[in-house]
K.L.:
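The following block contains the structure, expressed as structure tokens.
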Amino acid sequence: MSAEPAATPSWLSPDPTAWASGGATDNASVPAEESLAPPRQLPLLVNPWDVVLCTSGTLIACENALVVLVIWQNPALRAPMFLLIGSLALADLLAGLGLVLHFTCAYLLQSDSAQLLTVGLVVASFSASVFSLLAITIDRYLSLYYALTYNSERTAAFTYTMLVLLWGLSLCLGLLPVTGVNCLAEEATCSVVRPLTKNNVAVLSVSFLLLFGLMLQLYVQICKIVMRHAHQIALQHHFLAASPHYVTTRKGVSTLAIILGTFAACWMPFTVYSLIADYTYPPLYTYATLVPATYNSVINPVIYAFRNQEIQKALWLVCCGCVPASVAQRARTPSDV
């Protein structure tokens, strides 16, 4: 049985076209008549998976730039909740720009320095995105648990503290490849995402699993609080099953399940794969798990921003100069949690 060709590095490989050639070949082991024969199939000049990532990055950047612009220009959107949504949109915006810059640098510059910078930007941005999702979950939990004292100066100070911590930690994670924690000098230490080391990606993956577990616990507590409030209100009306508030509360709990399920479906495949795989695995697996992870940044504005009544009003004012009556008169329900 002949030996299989060595696996080429996956995403962000030194040679963007190496994915199509099946790895380097040893000319010394190839017969002379075969080496003189024309190649059976020329490798494509552009990796189509990189095109998909670049397209996703463009969509992410445009979508979240609209959210950032609306929140930035509207003075009414300065509550802690909107600051956290703005942080999420800004993180996803930078992640989208990082994917576009990676595609540009990989096929134009092809330098290690540019590679490190783009990887650092992507790592920092996606880290800030995940941390912002956790901060939003914490804010939603506190707004229900401390409903009477939520709108206070302490809440604003706590929100600013969370923003400083999450962006500071994300920046530190993004600077690791630039400051020397990379596998450029030793390919054997590379992870499925070059030039991140196996240990670096393992730390990021374990941290994600811990954050996901914390978010899951918080959402369980949120569901308990919302259902308890709905039960108390429904009992006062003596119509538990038929109470409109109970119906909308059930819808709100379903919304929370969709939010958490979408987050897990997008990030969990890449997280688990990066823990068990290394640079010797086929690049196809890396792309197949990395692309769905980027879709989380496409879905975030739909879940956290465009469904919000205040942001909807601001969007209508920016786009059309008016607010439809159906949007202006819609009351906030537990499904908006």
Side-chain angles (χ1 to χ4, degrees), residues 6-19 23-24 45-47 49-58 60-61 90-132 166-208 267 270-271 273-275 277-283 285-287 289-291 293-294 296-297:
T8 58
S10 58
W11 189 55
L12 298 176
S13 61
D15 180 9
T17 64
W19 69 277
L45 297 179
V46 178
N47 185 340
W49 285 98
D50 283 336
V51 175
V52 173
L53 286 174
C54 183
T55 304
S56 299
T58 303
I60 292 170
L90 178 61
D92 288 334
L93 168 61
L94 294 177
L97 293 177
L99 293 174
V100 175
L101 288 176
H102 155 66
F103 180 85
T104 304
C105 295
Y107 291 96
L108 294 181
L109 299 180
Q110 297 185 8
S111 67
D112 290 341
S113 299
Q115 184 181 18
L116 291 173
L117 290 175
T118 55
V119 170
L121 176 60
V122 170
V123 170
S125 302
F126 279 122
S127 298
S129 178
V130 174
F131 287 140
S132 295
L166 75 89
W167 280 99
L169 182 57
S170 300
L171 182 61
C172 292
L173 293 175
L175 287 176
L176 287 178
V178 182
T179 55
V181 184
N182 57 69
C183 62
L184 294 180
E186 189 176 355
E187 293 289 338
T189 62
C190 282
S191 65
V192 295
V193 178
R194 191 183 186 275
L196 299 181
T197 64
K198 177 68 175 178
N199 292 335
N200 190 1
V201 171
V203 170
L204 293 175
S205 300
V206 172
S207 300
F208 168 82
W267 277 105
F270 177 74
T271 302
Y273 174 71
S274 61
L275 281 174
D278 56 29
Y279 77 100
T280 61
Y281 280 61
Y285 298 159
T286 300
Y287 284 106
T289 54
L290 182 60
V291 171
T294 63
N296 187 68
S297 296

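Residues take their numbers from the sequence shown, with the count starting at 1. No experiment lies behind these values; they were computed from the predicted model shown.
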K.L.:
Checking Ser129 now: which residues fulfil side-chain contact (heavy atoms from CB on, under 4.5 Å) with it, not counting sequence neighbours?
P.N.:
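Scan of Ser129 (side-chain contact (heavy atoms from CB on, under 4.5 Å), adjacent residues dropped) gives Leu88, Ala91, Asp92, Ser297, Asn300.
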
K.L.:
Grab the two heavy atoms, one from Phe270 and one from Thr289, that are nearest each other, plus how far apart they are.
P.N.:
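Shortest heavy-atom contact: CB-O, 3.4 Å.
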
K.L.:
Report the C-alpha separation of Thr286 and Tyr281 in whole Å, then their side-chain angles, then the decisive distance to 0.1 Å, and conclude whether the side chain to side chain contact (heavy atoms under 4.5 Å, CB included) test is met.
P.N.:
CA-CA 8 Å; Thr286 300; Tyr281 280 61; 5.9 Å; no

K.L.:
Measure the spacing between CG of Leu184 and OG1 of Thr189 and express it to the nearest 0.5 Å.
P.N.:
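Between Leu184 CG and Thr189 OG1, I get 9.0 Å after rounding to 0.5 Å.
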
K.L.:
Supply the atom-to-atom distance Leu204 CG to Leu173 CG, rounded to the nearest 0.5 angstrom.
P.N.:
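Output value for this atom pair is 6.0 Å.
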
K.L.:
Identify the two heavy atoms, one from Tyr107 and one from Phe103, that lie closest to each other, and give their separation to 0.1 Å.
P.N.:
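Scanning both residues completely, I find the closest heavy atoms to be CD1-O, 3.2 Å.
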
K.L.:
Check Thr118 against Cys105 and note the closest heavy-atom contact, atom names and distance.
P.N.:
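Looking at all heavy atoms of both residues, the closest pair is CG2-SG, 3.9 Å.
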
K.L.:
So, does Ser125 use its side chain to make a donor-acceptor pair with the main chain of Val122 at under 3.5 Å?
P.N.:
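Side chain of Ser125 to backbone of Val122: no pair is present.
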
K.L.:
Under the rule for side-chain contact (heavy atoms from CB on, under 4.5 Å), what residues qualify as partners of Ala202, not counting sequence neighbours?
P.N.:
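Per chain and number, Ala202 pairs via side-chain contact (heavy atoms from CB on, under 4.5 Å) with Leu275.
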
K.L.:
Considering all heavy atoms of both residues, which atom of Gly57 and which atom of Val100 are nearest to each other, and what is their separation?
P.N.:
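Answer, listing the atom of Gly57 first, then Val100: C-CG2, 3.8 Å.
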
K.L.:
Can you sort out the partners of Ser274 under side chain to side chain donor-acceptor pair (under 3.5 Å), two or more places apart, ordered by chain and number?
P.N.:
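Per chain and number, Ser274 pairs via side chain to side chain donor-acceptor pair (under 3.5 Å) with Ser205.
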
K.L.:
To the nearest 0.5 Å, what is the distance between CD1 on Ile60 and CG on Asn296?
P.N.:
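Taking CD1 in Ile60 and CG in Asn296, the distance rounds to 9.0 Å.
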
K.L.:
How about Tyr273: does its OH atom have over 12 heavy atoms from other parts shown lying under 6.0 Å from it?
P.N.:
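Yes, enclosed.
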
K.L.:
Can you name the nearest heavy-atom pair linking Pro195 to Val119, along with the distance?
P.N.:
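That closest heavy-atom pairing would be CD-CG2, 3.5 Å.
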
K.L.:
Kindly write out the residues that satisfy side-chain contact (heavy atoms from CB on, under 4.5 Å) with Val203, not counting sequence neighbours, or none if the list is empty.
P.N.:
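For Val203 the side-chain contact (heavy atoms from CB on, under 4.5 Å) partners, ignoring immediate neighbours, are Ser207.
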
K.L.:
For Cys183, check disulfide (SG to SG under 2.5 Å) against everything at least two apart and list the hits.
P.N.:
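Once residues adjacent in sequence are excluded, the partners of Cys183 under the disulfide (SG to SG under 2.5 Å) criterion are Cys190.
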
K.L.:
Please enumerate all residues that pass ring pair (Phe, Tyr, Trp, His ring centres under 6.0 Å) together with Phe126, with sequence neighbours excluded.
P.N.:
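Phe126: ring pair (Phe, Tyr, Trp, His ring centres under 6.0 Å) contacts with Trp267.
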
K.L.:
Can you confirm whether the side chains of Asp278 and Thr280 place a donor and an acceptor under 3.5 Å from each other?
P.N.:
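Asp278 vs Thr280: donor-acceptor pair found between side chains.
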
K.L.:
If you measure from OH on Tyr279 to CD on Glu187, what distance do you get to the nearest 0.5 Å?
P.N.:
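It is 7.5 Å, given to the nearest 0.5 Å.
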
K.L.:
Roughly how far, to the nearest 0.5 Å, is the OG1 atom of Thr197 from the CD atom of Glu186?
P.N.:
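Interatomic distance, Glu186 CD to Thr197 OG1, rounded to 0.5 Å: 10.5 Å.
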
K.L.:
Exactly one of Leu116, Val123, Val181 should register a side chain to side chain contact (heavy atoms under 4.5 Å, CB included) with Leu196. Which one does?
P.N.:
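The option that passes is Val123.
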
K.L.:
Does a donor on one side chain and an acceptor on the other come within less than 3.5 Å for Asp50 and Tyr287?
P.N.:
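Result is yes, a qualifying pair exists.
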
K.L.:
Between atom CG of Leu99 and atom CG of Leu94, what is the distance when rounded to the nearest 0.5 Å?
P.N.:
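Going from CG on Leu99 over to CG on Leu94, the span is 11.0 Å.
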
K.L.:
Got a sec, which residues hit side chain to side chain donor-acceptor pair (under 3.5 Å) with Ser127, two or more places apart in sequence or on another chain?
P.N.:
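For Ser127, no residue satisfies side chain to side chain donor-acceptor pair (under 3.5 Å) once neighbours in sequence are set aside.
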
K.L.:
Using the side chain to side chain donor-acceptor pair (under 3.5 Å) rule, collect all pairs that involve residues 167-183, keeping only residues at least two apart or in two chains.
P.N.:
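For residues 167-183, and leaving out neighbouring residues, the side chain to side chain donor-acceptor pair (under 3.5 Å) pairs sorted by first residue read Ser87-Trp167.
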
